[in-house]
Amino acid sequence: MAFCKFSTENRKAGEVTIDSVFFAEYMPYAPEGCTKVYLYGLSKCYNPDEVSNTIEDFAKTLNLSEEDIKSAFLYWQEENLVTILNLNPIEVRYLPVRAKKYDSKIFKKEKYAEFNRAIQEILDGRMITPHEYKEYYLTMESLHIDDSAMLMVAKYCVNQKGNNVGYSYILTVAKNWAYDGVHTVQDVEKKLEEMENLTSKVKDILISLKSKKSPSFEDRELYQKWTKQFGYDDRALISIAKKVKRGGIDKMASLIENYATLKLFSVTEIEEYEKNKDELYDTAKVVCKALGLYYDNLDPVINTYILKWKQMGYTPDAIQFVADICFKKYIRTFEAMDEIVSKYFANGLVSLDAIHEYVSSSLSIDKKIKSMLEKLNLNRQVTSWDRDFYHTWTYIWGFDDEMIDYALSLGVDKSQPMTYVNKILSNWKEKNIKTLDDAKQVKLNTLKNEEKVEKKPEFTTHSFSSEELNALFDNLDEVKLI
């Protein structure tokens, strides 16, 4: 069943594009990650039967956990943009996007009178509108944020952006912190202390980037993502920052996303990757040529296959050798070649010598099997089915070439000769027949038994005397016909 679909109501509304109301009234206040989950899910609604319309695909594509995906849809359900039919397995239905009805909930003026006065003093660079006040009320009540805690968040944002900071920025910070468990004054104080501790670490990164700006809220959030979500330590982050020539922290963020995808986390791993980047590109070009493929951009090939094979221990020469084998076997895609590499790896075949020896051995075995087929009057190529038979007869059952040749001689001109030979050898294995003489004796006994079964009974003649014949005819009158 499709993960994301339009609701019946939405289908009837006939909306095929997202309403501008979403961008004006929903997106600016959504927690980090929620917007991309909503938009990606929306795209799937137009093709609900796609194989990729699953929570697993969402998590992989968006680089989020399945719990993050569920949390995002729970948020949008609270915003009345989706409805969740089931959580396990999760099913989401998209609803029409409608303008928020801010007047639907009435707030008592006296309840927030002190809050209104205090936050206007904090944001003395501009006048706060009734709409903005209501957004603060809604956020505080829906996320259970104390008035005093919200004021502290606003003051923090003013220190970051100035006293004319937009309310959407304040609400974004408040919501992100609320999702991290920040609801009270004590929680905010603890969070600010944590952010202050981060400041010196983020400063070191900015200095490595040759940036003179002060650490912002976004910079600290990025740092926490890199360390907590991705698992990078400060040494690795400083090393990455020093590699950035231009583009600042945004370029660094892009690099880290790429390194994380490639599972490169330590300074050594990253330096090794950068050092061998030219070699990776050269290897990718060689493999493309061998397979008869062309790519304008080799980065996906390198990131998905070449680097993976290198991390498995394959040298460029070994990778090229496998590519040549694939070409000879009419394999023309990286996906299919990856399956071959994975099979070699599972069998411990990593070095060029090991693969070469294995292939040479396989070719020698194929020659033997081809000779077997010819003895059975079969004029065809060796198949994996033939190789499985040969492996079973020799390595598992332990028959030598002499025994197999005798079995082959018995299978000539049979309707399914290889199956017939397998049946003979299986019978010998079951009866523990290990020598050629024993096998021939079994065949001889079988032939004798067949002769006995096929032998026709002999009829004898009997001569009657004249007296016996007269007596036989005299008794005919007593025979009753039925």
Side-chain angles (χ1 to χ4, degrees), residues 290-292 317-333 335-454:
L291 298 180
D317 288 342
I319 293 172
Q320 181 177 352
F321 184 65
V322 176
D324 291 337
I325 293 171
C326 289
F327 178 79
K328 292 174 183 176
K329 290 181 173 289
Y330 300 98
I331 293 171
R332 297 290 187 273
T333 67
E335 292 85 352
M337 179 174 167
D338 186 50
E339 291 181 11
I340 299 295
V341 173
S342 298
K343 286 179 182 177
Y344 285 167
F345 184 76
N347 286 285
L349 304 171
V350 177
S351 71
L352 177 61
D353 290 341
I355 298 171
H356 195 278
E357 183 180 349
Y358 173 79
V359 171
S360 298
S361 175
S362 298
L363 290 173
S364 175
I365 290 172
D366 275 9
K367 286 181 180 178
K368 278 189 174 183
I369 298 173
K370 181 65 175 175
S371 175
M372 288 167 40
L373 295 175
E374 290 172 353
K375 289 176 182 178
L376 292 172
N377 297 325
L378 295 174
N379 185 22
R380 61 173 175 79
Q381 295 298 317
V382 176
T383 67
S384 59
W385 187 59
D386 300 324
R387 295 185 188 99
D388 289 341
F389 268 147
Y390 184 80
H391 180 80
T392 301
W393 300 342
T394 56
Y395 292 97
I396 299 178
W397 293 349
F399 290 112
D400 58 23
D401 290 343
E402 192 177 41
M403 292 282 284
I404 293 173
D405 281 343
Y406 180 59
L408 290 170
S409 69
L410 301 176
V412 175
D413 296 331
K414 300 297 181 183
S415 60
Q416 291 181 315
M418 284 293 280
T419 302
Y420 186 84
V421 171
N422 185 66
K423 185 177 179 180
I424 291 172
L425 293 171
S426 174
N427 185 47
W428 291 350
K429 174 65 178 174
E430 186 178 338
K431 293 181 178 179
N432 199 29
I433 295 169
K434 298 180 179 179
T435 67
L436 183 60
D437 289 339
D438 289 343
K440 288 181 177 179
Q441 186 61 47
V442 168
K443 178 60 179 175
L444 183 61
N445 294 337
T446 302
L447 290 172
K448 286 181 178 180
N449 291 333
E450 288 174 353
E451 284 178 4
K452 287 181 181 179
V453 172
E454 293 178 1

Distance-only, no hydrogens or angles: does the [X] side chain make a donor-acceptor pair with backbone N or O of [Y] under 3.5 Å?
X	Y	result
Ser361	Glu357	no
Ser364	Ser360	no
Asn347	Leu349	no

Step by step, would you call Thr394 with Ile404 a side chain to side chain contact (heavy atoms under 4.5 Å, CB included)? CA-CA 9 Å; Thr394 56; Ile404 293 173; 3.7 Å; yes

Taking side-chain contact (heavy atoms from CB on, under 4.5 Å) as the definition, give me every residue that meets it alongside Arg332, ordered by chain and number, with sequence neighbours left out.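 side-chain contact (heavy atoms from CB on, under 4.5 Å) list for Arg332, sorted by chain: Phe327, Tyr330.
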
Please report the closest heavy-atom contact between [X] and [Y], naming both atoms and the distance.
X	Y	answer
Ala290	Asp324	CB-OD1, 3.9 Å
Ala439	Ile433	N-CG2, 3.6 Å
Ala323	Leu291	O-CD2, 4.0 Å
Val421	Ala407	CG2-O, 3.7 Å
Pro417	Gly411	CB-O, 3.5 Å
Ile331	Met337	CG2-N, 4.0 Å

Do [X] and [Y] have side chains that get closer than 4.5 Å, going by heavy atoms?
X	Y	result
Met418	Leu378	yes
Tyr420	Ile424	yes
Trp397	Ser426	yes
Val359	Phe321	yes
Lys368	Asp401	yes
Asn432	Asp438	no
Asp400	Met403	yes

Between Arg387 and Asp366, is there a salt bridge with N-O shorter than 4.0 Å?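 Answer for the salt bridge query: yes.
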
Just checking Glu374: does its CD atom have more than 12 heavy atoms from other residues, nucleotides or ligands closer to it than 6.0 angstrom?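 Yes, the 6.0 Å shell around CD holds more than 12 heavy atoms from other groups.
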
Count the heavy atoms of every other residue, nucleotide or ligand shown that sit under 6.0 Å from NZ of Lys367, and state whether that count exceeds 12.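 12 or below, so no.
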
Plane angle bin for Phe389 and Trp393 - parallel if under 30°, tilted between 30 and 60°, otherwise perpendicular: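 Answer is parallel, since the angle falls under 30°.
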
Parallel, tilted or perpendicular, as decided by the 30° and 60° cut-offs, for the rings of Tyr406 and Trp428: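 Trp428 and Tyr406: parallel rings.
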
Atom OH of Tyr344 and atom CD1 of Ile325: how far apart are they, to the nearest 0.5 Å?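 So the gap between those two atoms works out to 4.0 Å.
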
Mind checking the CG-NZ spacing from Leu436 to Lys440? Nearest 0.5 Å is all I need.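 Between atom CG of Leu436 and atom NZ of Lys440 there are 4.5 Å.
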
What residue among Arg380, Gln381, Met372 forms side-chain contact (heavy atoms from CB on, under 4.5 Å) with Asp386?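 Considering Arg380, Gln381, Met372, a side-chain contact (heavy atoms from CB on, under 4.5 Å) with Asp386 is found only for Arg380.
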
Any chance you could lay out the side chain to side chain contact (heavy atoms under 4.5 Å, CB included) test for Leu408 and Val412, step after step, and finish with the verdict? CA-CA 7 Å; Leu408 290 170; Val412 175; 6.0 Å; no

CA sep, side-chain torsions, deciding dist, call: Val350, Phe345, side chain to side chain contact (heavy atoms under 4.5 Å, CB included): CA-CA 6 Å; Val350 177; Phe345 184 76; 3.9 Å; yes

